[in-house]
Q: 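This is the structure I have questions about; it appears just below.
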Amino acid sequence: MQQKTSVDEMTKERLKEIVVHHFYSFYVQRNMTDMLDHVDPDVRWIGSKEHFIARNKEGFRSVLKKELEYVPVGCAMKVVSAETVQVDEQSYSVNGILELRIPQEKEVQYAFLCFTMVIVSEEEQYSIVSIHTSYHGVNPIGNTVSDKGKSVYFMAEDIYNQNQHDTLTGLYTIDYFKKEVKKVLEENDSQHFALICTNVSHFERVNNMYGLKRADQILSDLANMITSCSLQVKVSCRSVADHFLALVSYDSESELKETLARLCDDFGHKMKIRYPDARPRLGIGVYRIVDKTGEVERMVECANIARKSLRFQKKENVAMYDADVFLRMERVKEIENSMRYAMGNREFKVYLQPKYNLESGEIVGAEALSRWIHDDGTMEYPDEFIPIFEKNGFIVDLDFYMLENVCEMLRRRLQAEKKCVPISINQSRVLLNDEDYPKRFAKTLQQFAIPAEYIELELTERIFKEDLSEMARIMGKLKELGIQWSIDDFGTGYSSLNLLKELPVDIIKLDKSFLDETETSETSKIIIRKTVELTQELSKSVVCEGVETESQADYLRGIQCDVAQGYLYARPMPMCEFEKLLDEEMGT
């Protein structure tokens with residue numbers, strides 16, 4: 001290990017000396033060949049000014065020529081600082097400051113050159129892949145500062161503000177981009193403008209499969225495509241990672257969308273050829289600027305919202321900003337920002353809806369339903385927050401929160417020797433992908449000392465869209481504990497009978513849509529009757545939910561359905577009210 005460290009330090013020192021030699025060879029000896037012989041074909045030079053940007057070896061040669069035009073013969077160089085940092089296994093970044101002593105007609109001027117040179121080194125061979133330079137005190141077009149002390153001051157004061165370009169692509173940095181956008185909008189009142197925001201899907205896949213250098217090449221290529229396509233680009237930048245922003249002018253919205261769609265198609269075609277195993281895809285969000293005096297930050301946010309909306313439009317490459325989408329995303333953000341506080345503050349309440357035996361009228365179970373009630377009494381509706389929790393994974397925390405609350409209630413009643421009935425608790429599809437789910441569930445039952453017969457786990461039929469074998473395996477592990485499984489909304493999918501065959505299901509809950517139609521549809525009556533007969537022959541119980549009228553209850557009794565649940569009997573109620581209902585039934 002000690003030897004490896006020594007080798008690494010030797011490599012860093014060698015590369016630092018190489019970089020210093022290249023700058024000395026160029027600025028003092030005025031030798032371009034030395035540096036050109038060691039650059040990568042796709043080398044980049046990002047300088048302080050627009051015309052000091054190169055994206056390949058030919059452009060690099062041009063920059064070197066321009067640079068020598070501004071540096072007179074007789075220049076001397078002193079190294080103020082230099083340091084080598086290892087970026088990855090073969091890439092190194094050498095950063096430092098050079099003091100250039102520049103002879104003038106009557107006096108000597110000083111310039112400070114801040115530089116970063118990135119080198120790929122393999123054994124004794126190396127190639128320069130990028131150089132980023134920034135002058136302070138004296139710049140390449142001759143704005144001199146006669147006092148050396150003042151130039152040092154400028155270097156310290158302006159080192160951040162003068163760094164206006166992204167080192168990889170040569171485009172503006174995000175901060176400078178925003179300033180330029182504001183300026184362009186102020187100076188062009190009559191033109192139509194839009195802000196576009198890009199995203200490269202599967203970019204991480206390219207990074208993992210093809211390496212960092214190839215991934216960086218995609219970003220450079222995209223920067224070139226944005227600035228060189230038929231879009232009327234006024235200002236552009238790389239904002240972060242694989243996201244680019246551009247201010248474009250346009251004549252018609254349809255033409256703008258067509259141009260952006262072509263850009264996406266061109267990008268996809270090139271990437272499919274170069275990266276067939278990753279196939280990166282370009283998506284673009286567009287915000288049409290109506291109020292040119294508005295905050296640029298807000299415009300960027302709107303373009304970003306449009307870009308993010310592409311996740312819900314898998315076949316589209318271009319999305320225009322939609323205020324409704326913005327409101328939905330703001331609502332999602334609001335819910336996500338408060339969900340953990342709500343759980344800690346016990347704002348999630350367990351409501352229970354009783355299940356009744358159709359023959360005896362006795363309460364034989366209940367379904368646990370989550371309600372989110374804030375301290376001020378306002379409520380969030382499950383059909384709004386549950387889908388959000390399923391996407392961000394918080395549904396797992398909520399499912400176990402519900403289980404623990406139900407177990408607390410059952411433990412309290414068991415200890416008081418009061419009547420207990422099985423409680424069904426909805427379970428997310430996410431849990432069935434988790435190998436630790438059965439262990440965590442068993443631990444919860446053990447913690448509260450709850451017999452498994454009092455817990456029923458409920459899955460909606462709509463989640464069974466993929467291979468059932470893995471789900472059946474996880475469900476089987478829980479069934480070994482004595483847990484019963486039920487399928488909700490049975491009959492709404494296309495593989496209902498297959499579910500009965502493949503999964504260890506004990507209880508079928510018929511979807512209320514069939515029951516709603518029994519008074520007008522003979523077909524619905526037949527479906528319910530045959531489903532009840534089939535499931536009972538398979539030794540499974542049947543629950544019909546959504547019972548709202550006496551005629552519906554009479555029909556279900558006539559076909560010997562086991563259990564009913566619905567507003568005819570009771571609405572979902574707070575846990576304390578359900579317990580009171582159980583106690584009244586027992587006369588306690």
Q: Using a cut-off of 6.0 Å, state whether more than 12 heavy atoms not belonging to H38 lie near its atom NE2.
A: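 For H38, atom NE2 is crowded (more than 12 foreign heavy atoms under 6.0 Å).
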Q: Measuring from M117:CE to I18:CD1, what's the distance to the nearest 0.5 Å?
A: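 Those atoms lie 10.0 Å apart.
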Q: How about S424 and E367: does a side-chain donor come under 3.5 Å of a side-chain acceptor?
A: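 Result is no, nothing qualifies.
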Q: Has K292 got a side-chain atom pairing as donor or acceptor with Q191's backbone, closer than 3.5 angstrom?
A: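 Yes; judged by distance alone, with no hydrogens or angles, the pair exists.
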Q: For a ring pair (Phe, Tyr, Trp, His ring centres under 6.0 Å) with F394, tell me which candidate from F385, F389, Y401 qualifies.
A: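 Running ring pair (Phe, Tyr, Trp, His ring centres under 6.0 Å) over F385, F389, Y401 with F394 returns exactly one hit, F389.
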Q: Would the distance check show the side chain of Y287 and the main-chain N or O of V300 forming a donor-acceptor pair, the cut-off being under 3.5 Å?
A: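 Not confirmed, Y287 side chain does not pair with V300 backbone.
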Q: Quick check on K234: does its NZ atom have over 12 non-hydrogen neighbours (other residues, nucleotides or ligands) under 6.0 Å away?
A: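 Yes, enclosed.
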Q: Any chance the side chains of N208 and R205 put a donor and an acceptor closer than 3.5 Å?
A: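 Judged by distance alone, the side chains do not pair up.
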Q: Are any non-hydrogen side-chain atoms of M271 and H202 less than 4.5 angstrom apart?
A: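 Answer no - side chains too far apart.
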Q: Is any side-chain heavy atom of N199 less than 4.5 Å from a side-chain heavy atom of F244?
A: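 No, every pair of side-chain atoms sits at 4.5 Å or beyond.
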Q: Would you say the side-chain atoms of R346 and N405 include a donor-acceptor pair closer than 3.5 Å?
A: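 The answer is yes; a qualifying pair exists.
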Q: Do M379 and R371 touch side chain to side chain, with heavy atoms closer than 4.5 Å?
A: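 A side-chain contact exists here, since the closest heavy-atom pair is under 4.5 Å.
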Q: Evaluate whether atom CZ of R279 has more than 12 neighbouring non-hydrogen atoms of other residues, nucleotides or ligands under 6.0 angstrom away.
A: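 Open.
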Q: Does the distance from a Lys or Arg side-chain N to an Asp or Glu carboxylate O, for R473 and E435, drop under 4.0 Å?
A: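 Looking at R473 and E435, the cut-off is met.
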Q: Between the side chains of D376 and T378, does any donor sit under 3.5 Å from an acceptor?
A: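 There is such a pair between these side chains.
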Q: Would you call E330 and K333 a salt bridge, taking side-chain N to carboxylate O under 4.0 Å as the test?
A: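 Here E330 pairs with K333 in a salt bridge, since their nearest N and O are under 4.0 Å apart.
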Q: Looking at R288 and E253, does any basic side-chain N land under 4.0 Å from a carboxylate oxygen?
A: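 Looking at E253 together with R288, the answer is yes, because their closest N to O distance falls below 4.0 Å.
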Q: Around E404, counting heavy atoms of other residues, nucleotides and ligands shown, do more than 12 lie under 6.0 Å from its CD?
A: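 Above 12, so yes.
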Q: Go through the side-chain N and O atoms of N345 and D375 and say whether any donor and acceptor fall under 3.5 Å apart.
A: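 Yes, a side-chain donor-acceptor pair sits under 3.5 Å.
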Q: When you check the side-chain N and O atoms of E347 and Y341, is any donor under 3.5 Å from an acceptor?
A: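 Note: E347 and Y341 side chains miss the donor-acceptor criterion.
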Q: Considering residues, nucleotides and ligands other than K257, do more than 12 of their heavy atoms fall under 6.0 Å from its NZ?
A: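 No, NZ of K257 has 12 or fewer neighbouring heavy atoms, counting only those of other groups under 6.0 Å.
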Q: Tell me whether D40 is salt-bridged to K213, with the criterion being a basic N under 4.0 Å from an acidic carboxylate O.
A: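 Judged by the 4.0 Å cut-off on N to carboxylate O distance, D40 and K213 do form a salt bridge.
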Q: Do T198 and R307 have a side chain donor and acceptor closer than 3.5 Å?
A: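 Looking only at side-chain atoms, R307 and T198 do not form any donor-acceptor pair under 3.5 Å.
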Q: Just by distance, with hydrogens left out, do E380 and H374 show a side-chain donor and acceptor under 3.5 Å apart?
A: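 A pair is found: one side chain offers a donor N or O, the other an acceptor, under 3.5 Å apart.
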Q: Would you say K57 has more than 12 foreign heavy atoms packed within less than 6.0 Å of its NZ?
A: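 Yes.
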Q: Any side-chain donor-acceptor pair under 3.5 Å between T116 and N95?
A: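 Checked: T116/N95 side chains pair up, N/O donor to acceptor below 3.5 Å.
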Q: With heavy-atom distances below 4.5 Å as the criterion, would you say the side chains of I174 and V240 are in contact?
A: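 I174 does not reach V240 side chain to side chain.
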Q: Less than 4.0 angstrom from a charged side-chain N to a carboxylate O is my criterion; do E83 and K16 meet it?
A: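 No, no charged N to carboxylate O under 4.0 Å.
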Q: For a 4.5 angstrom cut-off between non-hydrogen side-chain atoms, does R429 reach E390?
A: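 No, side chains not in contact.
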Q: Working note: K509 + E545, criterion salt bridge (charged side-chain N to carboxylate O under 4.0 Å, His left out); need CA distance, chi angles, decisive distance, verdict.
A: CA-CA 7 Å; K509 292 187 73 176; E545 57 184 349; 3.6 Å; yes
Q: Between R440 and F400, is NZ or CZ placed under 6.0 angstrom from the six-membered ring centre and within 45° of the ring axis?
A: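 Checked: cation-pi criterion met.
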Q: I want to check something: taking the side chain as every heavy atom from C-beta on, are I425 and V406 in contact at a cut-off of under 4.5 Å?
A: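 When only atoms from C-beta onward are counted, V406 and I425 do touch, with a gap below 4.5 Å.
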